[in-house]
Amino acid sequence: MGPSNFSVYSLLIVSLLAVSVPLLVSRMKAIRIPIVVGEIIAGVIVGNSGFHLIQQSEWLQFLQFFGLAYLMFVSGLEIDFAALRPTNETYKRSLSGWLTSAPVFAVLTSVITLGLSYLLSERLYFLHMIRSPLLLSLIITTTSLTVVVPVLKEYGLTSHPLGGRIMAAAVMADFVTMLLISVAVSLYKGGLSPSVLLVFVLILILLLLYRLFRRFSGIAAFRNLAHGTAQLGIRASLSLMMIFIVLSETLGVQVILGTFLAGMLVGLVNPRERSDVRSKLDAIGFGFLIPIFFIMVGVDFNFRSLLHDPKALLLLPILFVATYLFKGLPAILLRLRYPWPETLAGSALLTTQMSVTVAAAAVGLKIGAISQGVDTAIILVAMLTSVISPIAFGKLLPKHVQETKKSLWIIGESAGAQLLVEQARERGEDVRWIQPHVGLENEVTLEEIAKKNIGEEADYISGMVLYTEIDQLNLTFAREAAQAGIRPVICLVRDMALYQENRDETEFVVVQPQFAAVSLVDQLVHYPISTQFLKAPASLQIQEILLQSRVLHQQRLMEINLPGRLLILSIVRDGEQIVAHGETELHVGDILIVVGSREDIEAFHVMAGVGYSGKDKNISRPWLKE
């Protein structure tokens, strides 16, 4: 490739914009604009619709292509199938509960949206406003996980059932869209041909590789090369992406589907390392390749093509209204479980479009399925929804939902239950103590009690301990709690026969007091320092703390002055547990499991940006080491 095909000045401008846009967007307090929208706008200003400062070249075209492939790779990495996994008989008690369970809600919203979008697209096709009805209906169906996930994290709803349902619907929408894009392309190119079945060959290869990598992921030699200069996990992930790019080209499948499946594979291979690998891959993508793609989308953005194409100009408001109508209406199913404010907030957030939408439009433009004017209209609608929908979500979401604190439920009237309640409250936990009437032996009555106490409030329970004197009552409550999705559930069973019968239960933990006492003594014999946690009042405590402080974001543990002798035992990020060490970076949204004195934990609450209701406010803040 000769020097004439490469403009170093254009690449310099793109790089400077990639640095400047996040800084400018972060200073806009009146209206929050996603960074990707800012990148597109910056590209528009310096591109074909603006000052023409960017000279297109083969190098920039390659980086734009690779940025698109990497964007779909990261989007696949965001797919969390746990959000779509049905629990054992979850919400089986009523039709409304079943319809609003996460997997069913996700499927229904995607199918209804796709169906309504296709009916509209067929009508637009007969009016000669579009060229591919299926592709446009898929574009309307997409939901931007890259916007939805950060918004849910910002409002602390990632672990809330409402957030779980929104997340499941967004995951399903993107997954269905990506799988059907190849079908839409094949139909446009000349009808449904056997080559479409090659998509299933790609999926079969994904499953085989998944089994292979799961088999070798636990080998010590691989784990030792996962960090430091080797970074085997990152190298393997990027190699997988390239393998799927080549496979897609060879099989005639869309590259964005191949890289999307590669990202899914990386997310599924080794759950223990998933969060660490994802943060590094995010750094590569959002730090370099993905900004180039979005800026170049803005550079190629041709606003004049929209003005010169009356049909595309008319399509712009139709797409905007259809997006909010067809994606918002199915989400009204949430009304079966939540009040109108929560329902409308969830409906608004699910209308957000951006990454997959722009990628699908790029594919359509490349094969001629959509015109330049229609592509411009699609990008404009995506930009508008990614700004309007998160703002609408924040305005509609009730304040009490944003501030809802889940409580630990302890059910039982025994002295042990009372002592457990007192210790939890001593640590400042929000505890609800329920003392059911002991004299009931009828099993139907026990089930009615469990449903009455648990069914309606499952969304606000952080965990449950069953500590009554009746083993059967404990088991009945435990099954109801587990079926409602409550985790963890600890069930006390004294009768040895009942314990043997239920000890292998996977939905909740069954504890037999005698066995528990023996195990505790055995631990104390081998690890005597553990006795510190048994003192009353405890001199040392273990707590989970949500990291909200931006000051500590992306800081390594070795760079932080922790209060006193406080230790961070582990980190839970995106549902996965990470063993903490000096090189581990903290991220906003992490749940930190810490151990230390009450005073040290109070100080760390302030450091983490959570605040603390304790009396000691005279806490110094020299947190970061020089």
Side-chain angles (χ1 to χ4, degrees), residues 80-93 97-98 101-103 159 161 164 210-211 214-215 217-218 268-272 274 406 408-412 414 416-417 420 434 436 440-451 453-455 458 461-527 530 542 544 569-570 572 575-577 579 593:
D80 184 6
F81 287 102
L84 302 175
R85 188 183 306 146
T87 57
N88 184 29
E89 299 185 17
T90 300
Y91 306 117
K92 192 176 179 179
R93 293 184 290 270
W98 181 76
S101 63
S159 59
Y210 171 71
R211 295 292 299 272
R214 288 287 289 176
R215 189 181 186 92
S217 61
L268 291 170
V269 165
N270 194 343
R272 290 175 300 174
R274 177 179 173 183
K406 291 188 175 184
L408 170 66
W409 281 30
I410 299 174
I411 302 178
S414 65
L420 189 60
I434 298 176
L440 297 174
E441 297 293 344
N442 185 286
E443 194 163 331
V444 177
T445 308
L446 297 179
E447 185 177 350
E448 289 176 352
I449 294 174
K451 287 182 178 180
N453 283 279
I454 297 172
I461 303 175
S462 62
M464 184 173 293
V465 180
L466 290 314
Y467 215 132
T468 76
E469 298 289 348
I470 303 176
D471 291 345
Q472 190 59 56
L473 179 60
N474 291 339
L475 289 168
T476 302
F477 267 82
R479 291 192 182 95
E480 289 292 330
Q483 289 175 11
I486 298 170
R487 298 292 186 277
V489 178
I490 312 297
C491 177
L492 199 71
V493 175
R494 297 171 181 81
D495 182 83
M496 191 60 67
L498 272 179
Y499 172 74
Q500 295 289 346
E501 182 181 339
N502 294 276
R503 65 178 180 178
D504 295 327
E505 178 64 54
T506 57
E507 297 296 321
F508 54 90
V509 179
V510 180
V511 177
Q512 209 285 334
Q514 290 180 342
F515 283 171
V518 170
S519 299
L520 176 60
V521 171
D522 181 64
Q523 289 294 311
L524 294 179
V525 168
H526 292 90
Y527 307 103
S530 302
I542 298 178
E544 294 181 0
L569 299 178
S570 65
V572 178
E576 305 295 339
Q577 195 163 28
V579 178
I593 291 85

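Computed from a predicted model, the values in this text were never measured in an experiment.
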Side-chain contact test, heavy atoms from C-beta onward, threshold under 4.5 Å: evaluate it for [X] versus [Y] and give yes or no.
{"X": "V511", "Y": "V493", "answer": "no"}
{"X": "I490", "Y": "L466", "answer": "no"}
{"X": "I410", "Y": "L408", "answer": "yes"}
{"X": "F477", "Y": "Q472", "answer": "no"}
{"X": "T468", "Y": "I411", "answer": "yes"}
{"X": "L492", "Y": "P513", "answer": "yes"}

Report yes or no: does Q512 contribute a side-chain atom to a donor-acceptor pair with the main-chain N or O of Y499 at less than 3.5 Å?
no
Looking at P103, is its backbone amide N or carbonyl O close enough to the side chain of S101 to form a donor-acceptor pair, meaning the two atoms are under 3.5 Å apart?
no
When you compare the side chains of R479 and N474, does any donor N or O come within less than 3.5 Å of an acceptor on the partner?
no
Just jot down the side chain to side chain donor-acceptor pair (under 3.5 Å) partners of R503, sequence neighbours excluded, or say none.
Q500
Identify, with sequence neighbours excluded, every residue that meets side chain to side chain donor-acceptor pair (under 3.5 Å) alongside D471.
none
Any chance you could measure L475, atom CG, to E480, atom CD, to the nearest 0.5 Å?
12.0 Å
Working to the nearest 0.5 Å, report the span between CE of M496 and CD of Q514.
5.5 Å
Identify, with sequence neighbours excluded, every residue that meets ring-ring contact (aromatic ring centres under 6.0 Å, His included) alongside F508.
none
Residues forming a side chain to side chain contact (heavy atoms under 4.5 Å, CB included) with E501, sequence neighbours excluded:
L498
